[in-house]
Amino acid sequence: MYFCFSFYHSLIGKKMEYNFSEIEKKWQQTWRETKIYKTDVDFSKPKYYVLDMFPYPSGAGLHVGHPLGYIASDIYARFKRQKGYNVLHPMGYDAFGLPAEQYAIQTGQHPAITTLKNADRYREQLDRLGFSFDWDREFKTSDPNYYKWTQWVFSQLFHHYYCKNDEKAKPISLLEEYFSLHGTNNINVAETTSLQFTADEWNKYSEEDKQNILLNYRLAYIAETWVNWCSDLGCVLANDEVVNCLSVRGGFPVERKRMKQWILRVSAYADRLLEGLNRVDWNDSIKEIQRNWIGRSEGAFIQFELKNSKESLDIFTTRPDTIFGVSFMVLCPEHPLINQITTAEQRKSVNEYICKALNRSETDRQTDVKKISGVFTGGYAIHPFTKQEIPIWIAEYVLAGYGTGAIMAVPAHDSRDYAFAKFYQLPIQEVISGGDISKEAFETKDGICVNSDFINGMQAKEGASIVIKRISEMGIGYKTINYRLRDAIFSRQRYWGEPFPIYYKNELPYTLPDEELPLLLPQVDKFLPTENGEPPLGRAENWQTKEGYPLEKCTMPGFAGSSGYYLRYMDPHNDQEFISKKANQYWENVDLYVGGSEHATGHLIYARFWNKFLFDIGICCKDEPFKKLINQGMIQGRSNFVYRIVGENTFVSYGLKEQYQVSPIHVDINLVRHDVLDIEKFKEWQPEFAEAEFILENGKYICGWEIEKMSKSKYNVQNPDDLVEKYGADTLRMYEMFLGPIELAKPWDTNGIEGVHRFLKKFWKLFHQNQESRFELSDELPSPEELKILHKTIKKIEEDNERFAFNTAVSAFMICTNELLDIQCNKRQILEPLMILLSAYAPHICEELWQFSGHNESIITAPYPVFNEQFVLENSYKYPVSFNGKTRFQKEFSLQLTPKEIEDLILNDNDVKKWLDGKSPKKIIIVPKKIVNIVI
RNA sequence: GCGGAUGUGGCGUAAUUGGUAGCCGCGCUAGACUUAGGAUCUAGUGCCGAGAGGCGUAGGAGUUCGAGUCUCCUCAUCCGCACCA
């Protein structure tokens, strides 16, 4: 409750303009002071959880593109609250990360200070937009009492393995117990490499051996692998942090390097991550991106014997049906068997090739993918069925990180093998009929096996399963599923991240006890690597446990803190557990998640993995974190241009530029209105333009325009603060929604905002419809016409909100306001419900008018108005009358009439007779309440 | 190359199940009020045509009484993946 007595009577007679800045300031302050958006568990109400993707508070602050999603989710959150839900709508900051640290390196300022400053700036900007966040739940990932739980989850990952029989994570102690009883016999678990030992052997292993072996199974493990090394950032990056061999943050080159790193066994969850996509309400494109990223393919592992060696060569293929078409084998340049296979004669050229391949940057390797290169090892594998010798080659087109890093090449039925075989003139043997292998590889899986011994004449699919059966019987292979999804590298050689709760004893990792969490990020003198190349934490004094064991020097990556944050919002101040059972059982998971599609392969995979793990160990009750996902489209910039005559300081207006030789120059959009340049401001803008001359058309300088990315260098950035100042937050909120469908990318056109601002002024005017602009509501009973306008709007807004069509909802508000203004309606019974509808979109103006109307409680406590069909029922309909599908005119008919009755009336109608022009209609189609179509 | 999306006036867009294409807003044109207008209000505004009328949803074909909407082909733009065996 905001005030003890009603303002209503004191307002009568007072002249009021729509003073948005005063209104917005007043209500933002009131909402903050009364904590009106504070939420708590309330089992008497249904819950609804609306979440925005965790923002990283960058120094640049918000531009108009950022709030788009926040506005949409805020409208929906407010709408759900009106519909009786208990809505959780939190906000906080993904505060660890590279930009603050890079800034720290340059300036020496501690990243915590920068982060705090940036977050405050964000908060200020967000507050100005009137969001309904429950700020009591706010946290930053860099808060020790938040990252305590990030560290805790990591410890849990360390202490669990993935059981494939039960398809879930289980305590590693169970695995140890199993090993002591059965060794690796019959285990079916996610593992780095396939190990074999007996119970006896296990029991005799030393503590170190055991710990080393367990790393092969832990969900958070340490291993030496090929990593994406970014030397400019001085750290390793995950696959999703690298695009086209450049780091996503900063665009620095990335190379491959072999390093010992912490890794999360995300791949253990590949199948569940894929399956879960069928149960979430996300758009198809993002699900497809995730499916591709996970990249499931069914096939077989097959072992080929090697000539002159006891070792064998493992390959993965999706086409076991083509095994009789193998004409060579290919290994990736990193393959461990190369040394052994290579013959003396070939050693020199092999070494040269490998050296070249491995030293080539990943960028180079990827950019000339088309260029075929390879080298023969001199070694041979033995075909498992024909026993023929198959030459073994090395080529870059086989990747180390996928499958086994080795393939059986079947050039007749794989285009890459085909190109390679053609280039090196290797044999191409057709084993699936139906194509023309003299021209290209025949890759379809539908065809009949030929030249293939025991599978001749079979359908390819059948042939594949027979081959798999044979190799299984022979003990040289098995059916398997391979994923493109790799385990996630989890170490960063950086300062500004969560320290690992890990110490080393005899160089083996152990977790700190939970009671010692959080392990605080230590102070360092510089945020740079140490002289001997260790990560910045190597600079910290006493970076060791009480007992003197050294602590891990890497920190966690950005996605560590953002992977479970939505759960923590449910119970943010709990310092006893990650989240209480009660809070989790009530809030369950996120009902609506709004954010950009750029997180499709990173955050949205990691968060789902994290959640599934926490689900497995009983921390959360739902195995998918985000039920519905909406990706807001990007807001593009609309740049303006002036055209300077080449070599002169004279500018030609857009329409005349063809007559001169001109070069276009970006001009600040703030100097332009409706594409007309403010010449005086332009002259002041930059010294070089002070003396500029202009060639005008109709006395104006018209600028050209183009849609581009919003960026400072293009002078097309819109700052929301400026717009809030000029038009108010309510206008900005509604205009962002009015631009178009939330999911579409669309250009930001500053000009259009005035239309929405005009609408709000008109809405204000509805309440001030008298000569003196006094606030005035009539308590007269509304007319049927007024009720109809209101109720069709109630229905429309509700439907539009439910389908996230906020653009059409804004237009419906405009239509409704125009109609009510036309009939000069200022009846309380009409305008009060309308205020409630609009309050989700424009909360400030509605709260103000609500107070004026005599309400003592905030409008957010008002329930959504109930739609009553009675008021919108029609008893007649204006039928469009069309001839051969072309509408000619309209005729009104009672809805009581049957089609037959309408037909009779139609045939006797003079307008119809005119159009029939004496002909008789072949057919008359009458669809009640839709159309009349006369076929001639 | 593969996958996903999008294509409608000068511009952003609307048309929820196949049923009046262009709602709403911007811009533009004319007018009113005004010392003034980057304020407000009124009227008009898809294109061609004096008009009757014709043509129009990227282009082409098809299904249908009727297609922006469904089917097939082509083109353009954007996004994602890219030697994934």
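Basis for what follows: all heavy atoms, side chains included, without hydrogens, waters or symmetry-related copies. We name chains A, B, ... by the order of the sequence lines, and we start the count at 1 in each one.
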- Ignoring backbone atoms, establish whether A/R888 has a side-chain N or O less than 4.0 Å from OP1 or OP2 of B/A52. no
- Message: Taking B/U57 as the reference, what is the distance to B/G68 when you measure between their P atoms (whole Å, please)?
- Response: 7 Å
- With nearest nucleotides of RNA chain B determined for A/K726 and A/P747 from heavy-atom distances, which residue corresponds to the more 5′ nucleotide? A/P747
- Item | OP1 or OP2 of B/U40 under 4.0 Å from side-chain N/O of A/K761 | yes
- Message: Between B/G12 and B/G19, how far apart are the two C1' atoms, rounded to whole Å?
- Response: 27 Å
- Within the modelled atom types, does a donor on one side and an acceptor on the other bring the side chain of A/N933 and the base of B/C65 under 3.5 Å apart? yes
- Message: Could you tell me how far apart A/L331 (CG) and B/A85 (C1') are, to the nearest whole angstrom?
- Response: 13 Å
- Could you give the CD1-to-C1' distance, from A/I925 to B/G18, as a whole number of Å? 13 Å
- Value in whole Å for how far the P atom of B/A14 lies from CD of A/E799: 16 Å
- Item | Selected nucleotide, minimal atom distance to A/Y397 side chain, candidates B/C83, B/C26, B/A85 | B/C83
- Task: When you get a sec, tell me which of B/A85, B/C24, B/U16 is the closest nucleotide to the side chain of A/K796?
- Result: B/U16
- Message: Using the C1' atom as the point on both nucleotides, what is the distance between B/A14 and B/U69, in whole Å?
- Response: 13 Å
- Task: State, with a plain yes or no, whether a side-chain heavy atom of A/Y735 is found less than 4.5 Å away from one of A/D749.
- Result: yes
- Task: Ignoring the backbone of A/H674, work out which of B/G38, B/U20, B/C26 is nearest its side chain.
- Result: B/C26
- Message: With a sphere of 6.0 Å drawn around NZ of A/K913, does it hold more than 12 non-hydrogen atoms of other residues, nucleotides or ligands?
- Response: yes
- Message: Base, sugar-phosphate or nothing for A/Q890? Non-hydrogen atoms, less than 4.0 Å.
- Response: base
- Item | Span that lies between the P atom of B/G25 and that of B/G46, in whole angstrom | 15 Å
- Taking all non-hydrogen atoms of both residues, which atom of A/F20 and which atom of A/E725 are closest, and how far apart? CE1-O, 3.5 Å
- Message: What I want to find out is whether A/E799 reaches A/R803 closely enough, with some N-O distance under 4.0 Å, to be called a salt bridge.
- Response: no
- Task: Under 4.0 Å between any heavy atoms, over every strand shown, what does A/V935 touch: base, sugar-phosphate, or nothing? Just pick one.
- Result: sugar-phosphate
- Verdict with reasoning, A/K700 to A/D675, per salt bridge (Lys or Arg N to Asp or Glu O under 4.0 Å): CA-CA 10 Å; A/K700 293 175 188 165; A/D675 293 332; over 6 Å; no
- Message: Can you check the distance between B/G56 and B/A21, where both ends of the measurement are the P atom (answer in whole Å)?
- Response: 13 Å
- Among side-chain atoms of A/N640 and A/N716, is any donor-acceptor pair under 3.5 angstrom? no
- May I ask you to say what A/K709 touches in the nucleic acid, namely base, sugar-phosphate or nothing, with a heavy-atom cut-off under 4.0 Å? nothing
- Message: Taking the side chain as everything from C-beta on, heavy atoms only, tell me whether A/I925 gets closer than 4.5 Å to A/V927.
- Response: yes
- Item | Syn/anti state for B/G80 [syn: chi within 90° of 0] | anti
- Query: OP1 or OP2 of B/G25 less than 4.0 angstrom from a side-chain nitrogen or oxygen of A/R758, does that happen here?
  - Reply: no
- Message: Does A/D675 reach a base, just sugar-phosphate, or nothing at all? Heavy atoms under 4.0 Å.
- Response: nothing
- Dot-bracket for RNA chain B, 5' to 3', Watson-Crick and G-U pairs with both distances under 3.5 Å, [ ] for crossing pairs, | for partner on another strand, reads (((((((..(((......[....)))((((((.......))))))(((....)))..(((((..]....))))))))))))....
- Message: With a 4.0 Å cutoff (strictly under), does any side-chain N or O of A/R291 reach OP1 or OP2 of B/G80?
- Response: no
- Choose from B/A85, B/G3, B/C81 the nucleotide whose nearest atom is closest to any side-chain atom of A/Y402. B/A85
- Query: Contact class for A/S297 (heavy atom, under 4.0 Å): base, sugar-phosphate, or nothing?
  - Reply: sugar-phosphate
- Message: Looking at A/W764, I'd like to know if the NZ or CZ of A/R758 sits under 6.0 Å from its six-membered ring centre while staying within 45 degrees of the ring's axis.
- Response: no
- Task: Please measure how far the C1' atom in B/G51 lies from the corresponding atom in B/U74, and state the result in whole Å.
- Result: 39 Å
- Task: Test side chain to side chain donor-acceptor pair (under 3.5 Å) on A/E743 and A/N283 and set out the steps.
- Result: CA-CA 10 Å; A/E743 305 215 55; A/N283 71 53; 3.3 Å; yes
- Item | Chi angles and distances behind the salt bridge (Lys or Arg N to Asp or Glu O under 4.0 Å) call for A/K792, A/E819 | CA-CA 12 Å; A/K792 78 174 190 212; A/E819 286 175 354; 3.1 Å; yes
- Item | Proximal nucleotide (of B/U20, B/G3, B/C83) relative to the A/T887 side chain | B/U20
- Interatomic distance, A/I742 CD1 vs B/A14 P [rounded to whole Å]: 12 Å
- What is the distance, rounded to the nearest whole Å, between atom NZ of A/K886 and atom P of B/U20? 13 Å
- Task: Go through B/C24, B/A85, B/A39 for me and flag the one nearest to the A/R673 side chain.
- Result: B/A39
- Out of B/C65, B/U16, B/U20, minimum distance to the side chain of A/D800 belongs to B/U16
- Message: Before you tell me yes or no, could you show the steps for A/D800 and A/K796 under salt bridge (Lys or Arg N to Asp or Glu O under 4.0 Å), namely the whole-Å CA-CA distance, both residues' side-chain angles and the distance that decides it to 0.1 Å?
- Response: CA-CA 6 Å; A/D800 284 352; A/K796 173 79 176 151; 3.3 Å; yes
- Message: What is the separation between atom CZ on A/R638 and atom P on B/G12, rounded to the nearest whole Å?
- Response: 9 Å
- Item | Interatomic distance where NZ belongs to A/K746 and C1' belongs to B/C26 [whole Å] | 17 Å
- When you compare B/G66 with B/U20, how far apart are their P atoms, in angstrom units rounded to a whole number? 15 Å
- Message: On RNA chain B, does the nearest nucleotide to A/Y727 precede the nearest nucleotide to A/G885 from the 5' side, or the other way round? Give the residue.
- Response: A/Y727
- Using a cut-off of less than 4.0 Å, is there contact between a side-chain N or O of A/N807 and OP1 or OP2 of B/A14? yes
- Message: When you measure from the side-chain N and O atoms of A/S285 to the phosphate of B/U6, is any distance below 4.0 Å, counting only OP1 and OP2?
- Response: no
- Item | Which nucleotide in B/A15, B/C81, B/A21 has an atom nearest any side-chain atom of A/T808 | B/A15
- Once you round it to whole Å, what is the distance between P of B/G19 and NZ of A/K878? 21 Å
- Query: Looking only at atom P, what distance separates B/G10 and B/C28, rounded to whole Å?
  - Reply: 16 Å
